[in-house]
Structure formats: structure tokens, C-alpha cells
Amino acid sequence: MSKLNDVINYIETLPIGERISVRGVARKLSISEGTVYRAIKQAESQGLVTTIERVATIRIEKKKKISEMLTFDEIVRIIDGEVLGGEAGLHQHLNKFIIGAMTEESMKRYFDKNSMIIVGNRESVQELALNNQVAVLITGGFKTSQKIIQLANDLSLPLISCEHDTYTVASLINRSIINQEIKKEILTVNEIFTPIEETYALKPSDTIQRFYELADQSGLSRFPVHHHQRLVGVVTAKDIIGKEQSTSIERVMTKKVVTVNKHTSVASVSYKMVWEDIEMIPVIEDNYHLAGVVSRQDVMKAMQMIQQQPQINNTFEDEIMMTLTDYPLNNLHRHYDYQVEIQPRMINNSGTVSYGILCEIITYASRKKLIEKTKHNSIIEKMDLNYFSHIQLGSNVQIKVEIFNINRRQALMQVDLFNQNSLAAKAIISAQIIDKG
């Protein structure tokens, strides 16, 4: 990881427009070309460089990826709005939104390109915003004058109206922005895999002798096998034990192969590697075209990098992890295992905990109990949930998890949730235990 960072730090020192050569950077920093190649791919994902096919890789000014932001057209769909004017600007991307609950003089400092102001029927504010290149969203079902509509059309700035109030609109947009950020933060295979040009592979016609040669060169013990770039199998050191060196790879390779694609999440790859107990997984594209490989070492480095990154947004699972705590041992009441306080983000429109969040709480409590019992992770396979009474916002829910059947591969559990010492929900859980790591 330090070598990758060295390359990225070096790239950041280069002037804008500078051409970057893999071989040149490798020679200058005394680093392998494969490492430089991966670092350039990472720098490309960070917006530091761009690669023009058959031309060069060029240092560019770092910019935020447009795909990470919502378009005004998507905003219209999210809030179920109506476009009053400025349709030509709907393809533009929203950078930030402003609540127009302040004086006109005060709001000017917040005006910025690709921003939008949320306001009621204050026509003077609408005109001020448009003249400062700011899109306008009118809440409360209000319309506006033909003068404002014409101004929006002339400036190609979206002018949108919707029936919702300002708070509801802001919440809908903010939730969508958070969802975009969470998607952006999910690391995929595309960002960490080694392209086939930078690694080792075998052909079906190669012999075991060739396997030994590649193993000596690379220190690896598992190679993908391809025919005209199409993956046909994988061969490992275990497959060739006791075989003659003249034996073809086709005769000893494993044809039923675990694979991933470039869009697979790193977390999913990690589960596959642990469950199948494998060190390397081929990365394929359409028609089993072999794009490269991802190794356990690549995944471990990526997971370490994720843990070192500041987390901008929390998923519901993160919220539950932070909220669910061990039940106090010195409490004289029932012997519960955990407790959780129901937060505003966990409720539905009726003010009670949503069914999905309830399932998440039960799932997390079950897995936590299994880790404490077996020291192994698990995957929930089946849940039968009975919900007896509503759990309100602010309730402090106690949780009891009982494991009544367990073996090396599977566990059956009963999870009881209590609200004010009354049984509120009961679930029967079937879980698969991951017993390797």
C-alpha cells in the first residue's frame, strides 16, 4: 500500500497536462511496472489522471466525478415535481441546495454554480436566484409569473414546482444525496483487480512444467486458464500433485470455477474467498472473457484502506451497530443480551419501527451472539418473524437471543424482543456459519 501511495503522491506533483509513462514512473521510483499500473488506475478513479486510448495517460486537474451527483431531472422525479421552465438545464448536476428562509441579502453568500434554492411563493427571491445562476424549486404547490418562467427559459436554469412543503422536499433530496454517497463509497473489484496483462495465466495446451516455471517466477500457486482470452478453468498446486510434468494443463485443471465481475463489491469477494477457502478469483467480463484476477492480498489491502478512510455517511446497519449495546449485567430484571433505542431514522410514517429495520436489528443481534459463542461470522439464511405489538420512536427495546441447535455449519436461534417488559416480536433464525477466518 505504501508503494501505491508513493506513486500517487508522485503523480500529484506532476504539472497538469503531463504525459505519464508506466515504464518511466517505475524506473524513476524503482517500483515494479505492475504496481505503477495499479496506482495509475487508482489515480484515475480519484480524478487525478485520464487515459486516452492509443494516445497516453495524462495528468489532469482533480474534479469531482459528475456521476456522483444528482441531476435536476432526477430531482424532479424524486419529489414528484412539475417543470415550469428552464427545461434545457435539467441535465445539469446539483452541487448543493439552499433553504430560502432568510433575507435576500443573507442568501446571496450561499449562491453558487449548479446550486438550487428551495423557496415558497417569494417571486423576488426566485428572480434574484435565477439572475445569480441558481435553479429554483418552489414548494407548497405554488406557481409563479410568466416573467420568472421566461427568465428561467432564457438562462436554461430549471424552475420546478411541487406540492410538498420545504422540510419534506429537503429531506427527500438529502436522502437521495446520501444514497449516492453510500454507493460511491462501496469499493468494487474494478478498483483493485490486476489486469490479465499484468499477471500470469496458462493455456489448456500448456504443460505442468510451464506451471512450475510460472510458479518460480511469480511465487503464486494458482493460475487462471484461458483459451483465446476466454476463461476455461483454474489450476492450482494441489491439482498437479503426483502428475507428470509433460501432462497438459487441460487434463488437471478445475473447470467449475468461482468467478466475479468488475462490479462485484470487495466485501462480496471477501466472503467468497473465506467460504471457498481460495487465494485468487478470476475476474470475467461478458462471455467469460478473462479480464484479470483478484487475490486475497488485494482484498485485504482494500479492506484496510476502507477502514482508514473517514466515513461520510452511515448505512442503516451502521446505525444499528452504533445503537445496539450489551444489556447491563448488574440489572436485576430479565436476563437480556442486548438493548437498542429506536431512533428517528428507524421509524415509518406511522411513528413505529419499520419492518425492514426490525429485521436488521434481529439479524445483527443474531450474528453478534454467534460471534460471541463460536468466534466465527455467519450468514442469515432464513427468518420467520412474528410482530405482536408496535414499537414506538424512543422505545428502549431489550433483546434475548437463544441458540438452541448448533453444529459446525449451521445454527438455529430464537430471538425475542421486549418493549416495556412485554414481548413485542419473536423470530426463528437459521444461520450458516463461516468457519474459516
Side-chain angles (χ1 to χ4, degrees), residues 63-186 312-316 344-351 354 356-357:
K63 296 179 180 179
K64 184 172 183 177
K65 292 182 181 178
I66 291 296
S67 60
E68 294 170 5
M69 298 184 286
L70 296 171
T71 64
F72 289 107
D73 194 34
E74 290 172 323
I75 296 294
V76 175
R77 177 181 54 78
I78 290 165
I79 64 172
D80 194 21
E82 176 188 356
V83 180
L84 303 179
E87 291 186 10
L90 288 174
H91 68 282
Q92 297 178 30
H93 293 79
L94 174 67
N95 184 33
K96 68 177 182 179
F97 66 89
I98 310 156
I99 305 295
M102 59 188 90
T103 65
E104 294 180 17
E105 191 61 36
S106 298
M107 67 179 63
K108 284 182 181 179
R109 73 184 72 173
Y110 299 101
F111 288 163
D112 198 4
K113 188 177 181 181
N114 293 329
S115 60
M116 177 180 68
I117 190 166
I118 301 174
V119 68
N121 60 341
R122 297 170 63 187
E123 190 169 314
S124 60
V125 173
Q126 298 165 14
E127 183 176 7
L128 176 67
L130 291 170
N131 283 325
N132 282 272
Q133 298 298 307
V134 175
V136 175
L137 172 54
I138 305 171
T139 58
F142 292 109
K143 305 300 181 183
T144 190
S145 67
Q146 190 59 41
K147 173 187 173 184
I148 298 298
I149 294 173
Q150 186 59 51
L151 180 60
N153 289 332
D154 292 342
L155 297 174
S156 296
L157 288 169
L159 177 63
I160 305 166
S161 173
C162 78
E163 298 292 330
H164 300 302
D165 60 87
T166 299
Y167 175 79
T168 301
V169 167
S171 298
L172 289 170
I173 295 174
N174 190 55
R175 184 185 302 172
S176 297
I177 291 173
I178 288 174
N179 288 341
Q180 289 289 95
E181 290 290 337
I182 291 173
K183 288 179 183 177
K184 178 191 68 177
E185 291 166 9
I186 297 175
I312 300 173
N313 299 296
N314 292 322
T315 63
F316 287 124
R345 290 191 66 190
M346 299 179 181
I347 63 171
N348 54 30
N349 292 333
S350 64
S354 72
I357 293 298

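By convention here, the first residue in the shown sequence is residue 1.
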- Message: For S145, run the side chain to side chain donor-acceptor pair (under 3.5 Å) check against E123, Q126, Q150, E127 and tell me which one passes.
- Response: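 It is E123; the other options fail the test.
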- Query: So, the side chain of S115 versus the backbone of N95: is there a donor-acceptor pair under 3.5 Å, distance only?
  - Reply: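 No, the answer is negative, given that no donor and acceptor are paired below the 3.5 Å cut-off.
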- Got a donor-acceptor contact below 3.5 angstrom from the K96 side chain to the Y110 backbone?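 Confirmed, K96 side chain pairs with Y110 backbone.
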- Message: Taking the side chain as everything from C-beta on, heavy atoms only, tell me whether I138 gets closer than 4.5 Å to L159.
- Response: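 They are in side-chain contact.
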- Message: Is the shortest side-chain heavy-atom distance between T139 and H164 below 4.5 Å?
- Response: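 Result no, sub-4.5 Å side-chain heavy-atom pair not found.
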- Tell me, please, which residues at least two apart from Q133 pass side chain to side chain donor-acceptor pair (under 3.5 Å).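 Listed in chain order: nothing, the list is empty.
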- What's the shortest heavy-atom distance between G100 and M107, and which atoms?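 Residues G100 and M107, closest heavy atoms: O-CE, 4.0 Å.
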- Query: So which heavy atom on V136 is nearest to which on A129, and how close?
  - Reply: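 Nearest heavy atoms, V136 then A129: CG2-CB, 3.9 Å.
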- Roughly how far, to the nearest 0.5 Å, is CE of M116 from CD1 of I173?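 Between atom CD1 of I173 and atom CE of M116 there are 4.0 Å.
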- Atom CD1 in I118, atom CG in D165: separation rounded to 0.5 Å?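 These two atoms lie 10.5 Å from each other.
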- Task: Kindly write out the residues that satisfy side chain to side chain contact (heavy atoms under 4.5 Å, CB included) with I78, not counting sequence neighbours, or none if the list is empty.
- Result: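 Side chain to side chain contact (heavy atoms under 4.5 Å, CB included) list for I78, sorted by chain: L70, L172, S176.
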Hey, can you pull the donor-acceptor pairs under 3.5 Å for the side chains in residues 83-92, sequence neighbours left out?
unit_1, atom_1, unit_2, atom_2, d
H91, ND1, A88, O, 3.0

